[in-house]
S.K.: 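For reference, the structure I am asking about is given below.
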Protein chains: 2
Amino acid sequence: MKKDKFTIHDIARELNITASTVSRALNDNPRISAETKQSVLQMAKRLNYQPNNIAAALRNGKSRILGVIVPRIDRSFFSSAVRGIEEIANTAGYNVMICQTHENFEKEVTTVEALLNAQVDGIIASYSKGTSNFEHFEKIKEKGIPLVLFDRTSDDLGVSQVAIDDFLGAYYATAHLIAQGYRRIAHYTNIRKISIFKERLKGYREALTEHGLPFDESLVQESNLQFEDGRQCMQKLMALPEPPDAVFSASALSAMGAIQMVKQMGKRVPEDIGIVGFSDESFASLSDPQLTTVDQHSIHLGNKAAEIFLQELSKGSKDFPRKVVLKPDLIIRQSSLRKGKP
Amino acid sequence: MKKDKFTIHDIARELNITASTVSRALNDNPRISAETKQSVLQMAKRLNYQPNNIAAALRNGKSRILGVIVPRIDRSFFSSAVRGIEEIANTAGYNVMICQTHENFEKEVTTVEALLNAQVDGIIASYSKGTSNFEHFEKIKEKGIPLVLFDRTSDDLGVSQVAIDDFLGAYYATAHLIAQGYRRIAHYTNIRKISIFKERLKGYREALTEHGLPFDESLVQESNLQFEDGRQCMQKLMALPEPPDAVFSASALSAMGAIQMVKQMGKRVPEDIGIVGFSDESFASLSDPQLTTVDQHSIHLGNKAAEIFLQELSKGSKDFPRKVVLKPDLIIRQSSLRKGKP
DNA sequence: CATATTTGTGTAATCGATTGCGCAAATTAC
DNA sequence: GTAATTTGCGCAATCGATTACACAAATATG
C-alpha cells in the first residue's frame, strides 16, 4: 500500500536538486549534464514516478488529447474510421476522446463544448444527419483548434476534409450492373440534401446516361436506408408497371433488406435481380448471396484524417484547409454477378 | 476574430471583484449573494467564458474523464457496450476516453499507463485474449482509481466486474436445440482457459447431461471462432462417422460460417442441421436463414459497468468490489427452428 | 591574463480554477 | 444594547510541471 504519487519535487528532494532541474532532465534538455540526467532517470524509476499530464497540459496549453465526434460508434464504418484515427494519433502520442451524437444536433453542440472544455488539441468530426447549422464548428475554428471533417463534410466551413469519392463509387457500382447486363436499375437514396447521397445519386445517373440508359425518377426510392426500408422499397419497386432488374443502394443495410424481399417474393439474386450496396459492412460477405458493395476504406479514411490533424498542428494554417478525396473500390460478390466474373 | 479565451480573472476584473468570488459564484456556493451570482453569470455569458477543465482537474485531482479499454472497437459487441458506458457517463458529466488493445498484451499495458497519465478518474476494461498477467491492473488499484472489468473478467484481481451469465446463455441455447428435437449437438469453442468460453462449454455440457444426452469430446471444436473457422469446423464435423445434427457456437461469426458450409454441402438449415450462435451481432438477423443467438445485452452491460464506476467513486470502497452477472436472452430465429415456434 | 562564452543549475513566475482562513458588515439572540 | 452568528467576499496558497531569467563556475578566446 505504498504511496504511489510522486512528483518531480519528490525526485528533486531525494537528489538535493530543484524541480526545474528534474523537469529539464526528464525532458532531455541539453543544458543538463549527463550525470544529472542519469540520476534523475534512475530516481524516477525507483520512485515509480508517473508524470501528471494535466499539470503539463495546463502549463503549456496542450492536452495531447484529440477529440473525435461521430454519429454513432456501433456502425462498422465509423468504428473502423475511429480505429484508423487512433492508429495514427496514438503513435504520435495523442490520446483519443470519442463522443457520439446519435445523429442528434443538440447532442452534437454540447459535445463540441465538452471537448473544448476538456482542452482538446484538435477535433475530427463527422456530423449528424440533422446538422444544418455550423456555428458550433465555427467556434472551434475561432479558438484556433484544428478541425477536420470526414465522410460527411462541407465546403462552406473552410476546414480540412477527408471523404471518399461518392460520385465515383456510385458510378462504379452502376456501371458494373450495366456491364452485367442489367438494364433497368433502381436506386435507393436518403434525403438528398446530404452531400454524400447527392453525389451517389449523381454518380448513378451519370453511369446510366453514359451508357445510353434512361434516368427514370420512379426508380429512385428515398428512405432512411435501414434494413426494413430496403424491404419496403423493394416491394414498391416490384409493384411498378415496369419493375427494375437491379438495385444500387446507397447503403449496405437497405441492400440486405432488398435481397431478403426479393427472395421472399420468390425471385433470385442475382439471376432475376442484381443488387449492389454502399459501404462494406461486415455482414456483406456473410449474406446469401454475398453482397457486392462499394468499399469506403474506412480505416484508411481515419488514418488520413488523423494525419491532416497532425499536419495542421505542426505547420500552422499554411497549406490549409486541405481536401482529400479517396477513391473507393467496388468489391464484387455474388449479388451482382449474373454473367460470372467480369 | 475576437479573443475567445477569458478566464475567471477577466470576469473578476470587469466586475471589480476577485476571482475567488467568481469561482464561487459559478459553482453556486451558498456564501455568495444572489445579485453577485447574477452579475457573474451575465458577464460570463457576455464574454463567452469557457471554463478550463484542465485547471480545475489539476487543482482538485479529478479530470472527469473515464477511461475505457476494449480489445477492438469495430466489433458490435464492444462498440455497443461502449455506447452503453457513454450513455451513463455523459449524463453524469464524464467524458469517455476510449482505447483499443487489438488483443495485444503490450498495447494493453501501455494503454493503462497512458490513461493513468491522463489522470482519468476511473477505468472500465475488457482485457485482451493474450492477457494473463494482471500487474498493470494492480497499478490502477494501487492508485485508488476505480477499475471495473466487463465481459472478460477475473475474480483474482479483487475488482468489480460486470458480465453476463455465459453458463446460462449456453444452457439456454443447448436446451433449446434439444427441445427442437436435435440430439447430436456439437459445440464451437475457443481456447478453454478464457473463462467466458469455459463457462459456455460448461453450460452446453450441463444441458446435455440434464436431458440425458451423452457428452462427446469429438463434437467439441476448438478454434479462433472466426468466419472461416466456422466453415472448417463444420467440414470436420460432417466428416465424422456420426456427424452432428446441430451446432451451438460460442461466437456468432463462426456460426455464420457453419451455416454457409452446411448450405454449400447441399444440406439445409434448420431442417438437417440446427445452428445457434453467441452474441447478437447485427448480421444475425440478416442471414439466410436468420441466426438464433444468445443476446448479451451489450448496451445494458455497458450501462451497468458505468453505474458501478460512479458508485465506487461516490461511496468509497464500501460494498466493493461488486460482481454483477446479467442474464442473457436467447433470441430464437429460423436457424434452429425445426418444429416451429416453441 | 583578462574578457567572452558556455555549461549547469537555481529562482520564481506562470497556467486557471479552487478553497481554507480571515475579517468586516449585517443580522439575530438574549 | 451587547454578544453571538451569519453573510459576503477577499487574500493567498495550492495542484504539478514548465520556462524566462539570473548567476556562478568552468572553459574558451585573443
Side-chain angles (χ1 to χ4, degrees), chain A residues 3-41 43-44 47-65 93 116-121 143-145, chain B residues 3-41 43-44 47-65 93 116-121 143-145:
Chain A
K3 173 193 163 184
D4 213 347
K5 291 232 177 161
F6 292 104
T7 71
I8 53 172
H9 294 94
D10 298 313
I11 299 181
R13 194 177 329 104
E14 293 293 316
L15 297 173
N16 270 321
I17 55 178
T18 62
S20 25
T21 302
V22 174
S23 171
R24 292 193 181 99
L26 292 173
N27 289 304
D28 205 28
N29 185 308
R31 297 288 288 271
I32 299 295
S33 72
E35 307 102 84
T36 308
K37 282 182 188 170
Q38 259 271 299
S39 53
V40 167
L41 252 32
M43 184 58 67
L47 296 183
N48 187 25
Y49 164 74
Q50 300 288 128
N52 183 329
N53 284 356
I54 295 265
L58 176 59
R59 174 57 216 242
N60 47 35
K62 314 201 156 305
S63 61
R64 299 199 78 79
I65 294 178
L116 290 180
N117 286 162
Q119 313 295 121
V120 294
D121 290 347
K143 287 221 173 193
I145 293 174
Chain B
K3 174 192 162 186
D4 215 345
K5 291 233 176 158
F6 291 105
T7 73
I8 52 172
H9 294 94
D10 297 313
I11 299 180
R13 193 176 331 102
E14 293 293 316
L15 297 172
N16 271 318
I17 54 180
T18 65
S20 19
T21 303
V22 173
S23 171
R24 291 191 180 101
L26 292 173
N27 288 305
D28 205 26
N29 186 306
R31 298 291 287 271
I32 299 296
S33 71
E35 306 102 82
T36 308
K37 282 182 188 170
Q38 259 271 301
S39 53
V40 166
L41 252 33
M43 184 59 67
L47 295 184
N48 188 25
Y49 165 73
Q50 300 288 128
N52 184 329
N53 284 356
I54 295 263
L58 175 59
R59 173 58 216 244
N60 48 36
K62 314 200 156 307
S63 62
R64 299 199 79 77
I65 295 178
L116 290 179
N117 286 162
Q119 313 294 121
V120 294
D121 290 346
K143 288 221 172 193
I145 292 174

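Below, read A as the first sequence line, B as the second, and so on, with proteins coming before strands; counting in each chain starts at 1.
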S.K.: Under 3.5 Å, is there a donor on one side chain and an acceptor on the other for Ser23(B) and Ser20(B)?
M.R.: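 Note: Ser23(B) and Ser20(B) side chains miss the donor-acceptor criterion.
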S.K.: How long is the line joining NZ of Lys37(B) and C1' of dC9(D), in whole Å?
M.R.: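 To the nearest whole Å, that distance equals 13 Å.
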S.K.: By nearest atom, which of the nucleotides dT11(C), dG20(C), dA17(C) is closest to the Thr7(B) side chain?
M.R.: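 Of the options given, the side chain of Thr7(B) lies nearest dA17(C).
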S.K.: Rounded to whole angstrom units, what separation is found between the NZ atom of Lys62(A) and the C1' atom of dT19(D)?
M.R.: 15 Å
S.K.: Look at the side chain of Thr21(B) and decide which nucleotide, out of dG16(D), dG10(D), dG16(C), has an atom nearest to it.
M.R.: dG10(D)
S.K.: Applying a 4.0 Å non-hydrogen cut-off, can you work out what Ile17(B) is touching in the nucleic acid: base, sugar-phosphate, or nothing?
M.R.: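 If one applies the 4.0 Å heavy-atom cut-off, Ile17(B) turns out to touch the sugar-phosphate alone, with no base involved.
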S.K.: Whole angstrom is fine here: how far is it from CG in Leu26(B) over to C1' in dA17(C)?
M.R.: 10 Å
S.K.: Report the distance from atom CD1 of Ile11(B) to atom CG of Leu26(B), rounding to the nearest 0.5 Å.
M.R.: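 So the gap between those two atoms works out to 5.5 Å.
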S.K.: To the nearest Å, give me how far apart CD1 (Ile11(B)) and C1' (dA17(C)) are.
M.R.: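 Ile11(B) atom CD1 is separated from dA17(C) atom C1' by 11 Å.
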S.K.: Report the nucleotide, chosen from dT7(D), dT7(C), dT18(D), that has the shortest atom-to-atom distance to any side-chain atom of Arg31(B).
M.R.: dT7(D)
S.K.: dA17(C) C1' sits how many Å from Phe6(B) CZ, rounded?
M.R.: 17 Å
S.K.: Between Leu58(A) (CG) and dA17(D) (C1'), how many Å, whole number?
M.R.: 9 Å
S.K.: If you only use heavy atoms from C-beta on, which nucleotide in dG10(D), dT18(C), dC9(D) is closest to the side chain of Ile32(B)?
M.R.: dC9(D)
S.K.: Taking only side-chain nitrogens and oxygens of Asn60(A), does any of them come within less than 4.0 Å of OP1 or OP2 of dA17(D)?
M.R.: no
S.K.: Check every atom of dA17(C), dG16(D), dT18(D) against the side chain of Asn52(A) and return the nucleotide holding the closest atom.
M.R.: dG16(D)
S.K.: Please compare Asn27(A) and Arg24(B) by the position of their nearest nucleotide in DNA chain D and report the one closer to 5'.
M.R.: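 Looking at DNA chain D, the more 5' nearest nucleotide goes with Arg24(B).
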S.K.: Which is more 5' along DNA chain C, the nucleotide nearest Ser20(B) or the one nearest Ala55(B)? Just name the residue.
M.R.: Ala55(B)
S.K.: I need the Lys37(A) NZ to Asn27(A) CG distance, nearest 0.5 Å.
M.R.: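 Answer for the NZ-CG pair, Lys37(A) versus Asn27(A), is 10.0 Å.
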S.K.: Grab the CD-C1' distance between Gln50(B) and dG16(C) for me, whole Å please.
M.R.: 14 Å
S.K.: What distance do Lys143(A) atom NZ and Leu116(A) atom CG have between them, rounded to the nearest 0.5 Å?
M.R.: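 Atom-to-atom, Lys143(A):NZ and Leu116(A):CG are 5.5 Å apart.
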S.K.: Please give, in whole Å, the distance from dG8(D) P to Gln38(B) CD?
M.R.: 15 Å
S.K.: Name the nucleic acid region contacted by Asn53(B), choosing base, sugar-phosphate or nothing; use a 4.0 angstrom heavy-atom cut-off, strictly under.
M.R.: nothing
S.K.: Go through dT18(D), dG16(C), dG8(D) for me and flag the one nearest to the Ser33(B) side chain.
M.R.: dG8(D)
S.K.: Strictly below 4.0 Å: does Thr18(A) bring a side-chain N or O up to OP1 or OP2 of dG10(C)?
M.R.: yes
S.K.: Can you tell which of dT18(C), dA20(D), dA17(D) lies closest to the side chain of Arg59(B)?
M.R.: dT18(C)
S.K.: Which distance, rounded to the nearest 0.5 Å, do you find between the CE of Met43(A) and the CD1 of Ile17(A)?
M.R.: 9.0 Å
S.K.: Let me see the working for Leu15(A) and Thr36(A) under side chain to side chain contact (heavy atoms under 4.5 Å, CB included), right down to the final yes or no.
M.R.: CA-CA 9 Å; Leu15(A) 297 173; Thr36(A) 308; over 6 Å; no
